[in-house]
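Keep in mind it's a predicted model, so treat the numbers as computed, not measured. Just follow the structure's listing: the first ligand is 1, and inside any ligand the first atom is 1.
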Amino acid sequence: MLILGVESSCDETGLALYDTELGLLAHALHTQVAMHAEYGGVVPELASRDHIQRVLPLTERVLKAANKTLQDLDAIAYTQGPGLSGALLVGTSFAQSLAFSLKIPTINVHHLEGHLLAPLLEDNPPDFPFVALLVSGGHSQLMRVDGIGEYQLLGDTLDDAAGEAFDKTAKLLGLGYPGGPALAKLAELSQSNHHNCRPQFKLPRPLLHSGDLNFSFSGLKTAVLTLSNKHQPLDEISKADIAWEFQEAITEVLTAKCMSALRETGLDNLVVSGGVGANSKLREKLNAATKRKLCKVSYPRLEFCTDNGAMIAFAGAMRLKAQTNTTSGYGFSVRPRWDLAELQKP
Ligand code: KG4
Ligand code: ZN
């Protein structure tokens, strides 16, 4: 079966073709980063208008790359939520109308289920059950995953998500949007990095010893603000040192909580997904910690950490196999706020 995946929940239009026998055939992405950078963040109305411009050419591109036509499609999977309503409506209405004209079913996919399953697109995919760390712009969650739709929340952020903390801290340091990659790059320039000396700045490790699997990152951002106010004007070296220490703090807490989650569940399989999963410091720490405990850790390839159509096509294929989430009829809706816990086992 051939599934077209459509992602348009935020600032990336992603299209992909997934074949249930052959795997991923093609994927294409347009990122709106440059357009939103001017405003320092995503402008929802501009995002929706841009998705409309991109969705058809990208569909043509993936069909051409895979040497397929619209008539070859068996189903269309689309992100129904969570995300920006207007942006979600573009992908949803496109998927619904195309499927209607082709007389094929649609599959409504939860964006986070897409992220969660993205590592399964890689060679040597992890087996169920596993512990998943989902770290994106909107979420920081630890989950026990026993199968498709079998997600048990183990820990969550009490305030800012990890990606949000990266983005807000980057903004404080005068870096562009999106902040995560920019901050990570700046941290590379830090003296602490190059000379392996103790950082000149020290930031807290929030909830490191809380005894549970929850996170809290908003205090870290405030601590960065206090630090930078105290050392005004901040020279480039100090800025890089703060970025380094911030990244150390956040990745240390994420790694420690992942290891606690593995210990508490008795599982030896960790999966990392979402935009912050692209962070190389986080990967370095997780690789070392899981190696010490003889656990396996899996990541999506870098381009599938952030939003993309491939993860939606794949999650759609899993749902189609299980015969759940398929919809028919004329009406449709989006779910800008959709809790992953509401998802059902097939
Ligand atoms: O998963 P994603 O593309 O979108 C959401 O569903 O939120 O994640 C985007 C988030 C942003 O906050 C971005 O700053 C962060 O992931 N991010 C990173 C890196 N690459 C993306 N954070 C830290 N280091 C990175 N290399
Ligand atoms: Zn996402």
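Of the protein's non-hydrogen atoms, the one nearest atom 19 (C) of ligand 1 is Gly275 O, 3.6 Å. Atom 2 (P) of ligand 1 has as its closest protein heavy atom Asp307 OD1, 3.6 Å. For atom 24 (N) of ligand 1, the nearest protein heavy atom (residue, atom name, distance) is Asn279 ND2, 3.0 Å.
Backbone and side-chain nitrogen or oxygen atoms of Pro181 are examined, and none is located within less than 3.5 angstrom of a nitrogen or oxygen of ligand 1. The shortest N or O to N or O distance between Gly137 and ligand 1 is below 3.5 Å. No N or O atom of Ala184 sits closer than 3.5 Å to an N or O atom of ligand 1. An N or O contact shorter than 3.5 Å is missing between Gly274 and ligand 1 by distance.
With a heavy-atom cut-off of 4.0 Å, His111 touches ligand 1 through its side chain alone.
Nearby protein atoms of type N, O or S around the Zn ion (ligand 2) amount to 3 (distance under 2.8 Å).
Heavy-atom proximity to atom 13 (C) of ligand 1, evaluated over Thr79, Thr31, Asp167, Leu183, is greatest for Asp167. Nearest-heavy-atom check against atom 18 (C) of ligand 1 across Gly180, Ser136, Pro82, Gly163 picks out Gly180.
With values rounded to the nearest 0.5 angstrom, Thr290 atom OG1 is found 11.0 Å from Asp268 atom CG. To the nearest 0.5 Å, the span separating OG1 on Thr31 from CG on Asp307 amounts to 9.0 Å. In this structure, OG on Ser210 lies 9.0 Å from CZ on Phe215, to the nearest 0.5 angstrom. Atom CG of Leu4 sits about 7.0 Å away from atom CG of Leu98, to the nearest 0.5 Å.
Applying the 4.0 Å criterion to heavy atoms of Gly138 picks out, from ligand 1, the atoms 7 (O). Every atom of ligand 1 with a heavy atom of His115 under 4.0 Å away is listed here by number and element: 1 (O), 6 (O). In the vicinity of Thr306, heavy-atom distances shorter than 4.0 Å reach the ligand 1 atoms 3 (O).
Both tests pass for Arg283 against the ring of Tyr299: distance under 6.0 Å to the centre and angle within 45° of the axis.
Ring to ring, Tyr18 and His27 are not that close: their centroids are 6.0 angstrom or more apart.
For the pair Leu120/Phe314, a side-chain contact is recorded, criterion being any heavy-atom separation below 4.5 Å from C-beta on.
The pair Glu245-Arg205 meets the salt-bridge criterion, since a charged nitrogen lies less than 4.0 angstrom from a carboxylate oxygen. A salt bridge does not link Glu252 with Lys285: every distance from a Lys NZ or Arg NE/NH1/NH2 to an Asp or Glu carboxylate oxygen is 4.0 Å or more. Between Lys185 and Glu188, none of the side-chain N atoms (NZ, or NE/NH1/NH2) sits under 4.0 Å from a carboxylate O, so this pair counts as no salt bridge.
Side-chain contact annotation: Ser238 with Asp241, donor-acceptor N/O pair under 3.5 Å absent.
Ring geometry for His115 against His111 counts as perpendicular: the plane angle is over 60°, on a 0 to 90° scale with 30° as the lower cut.
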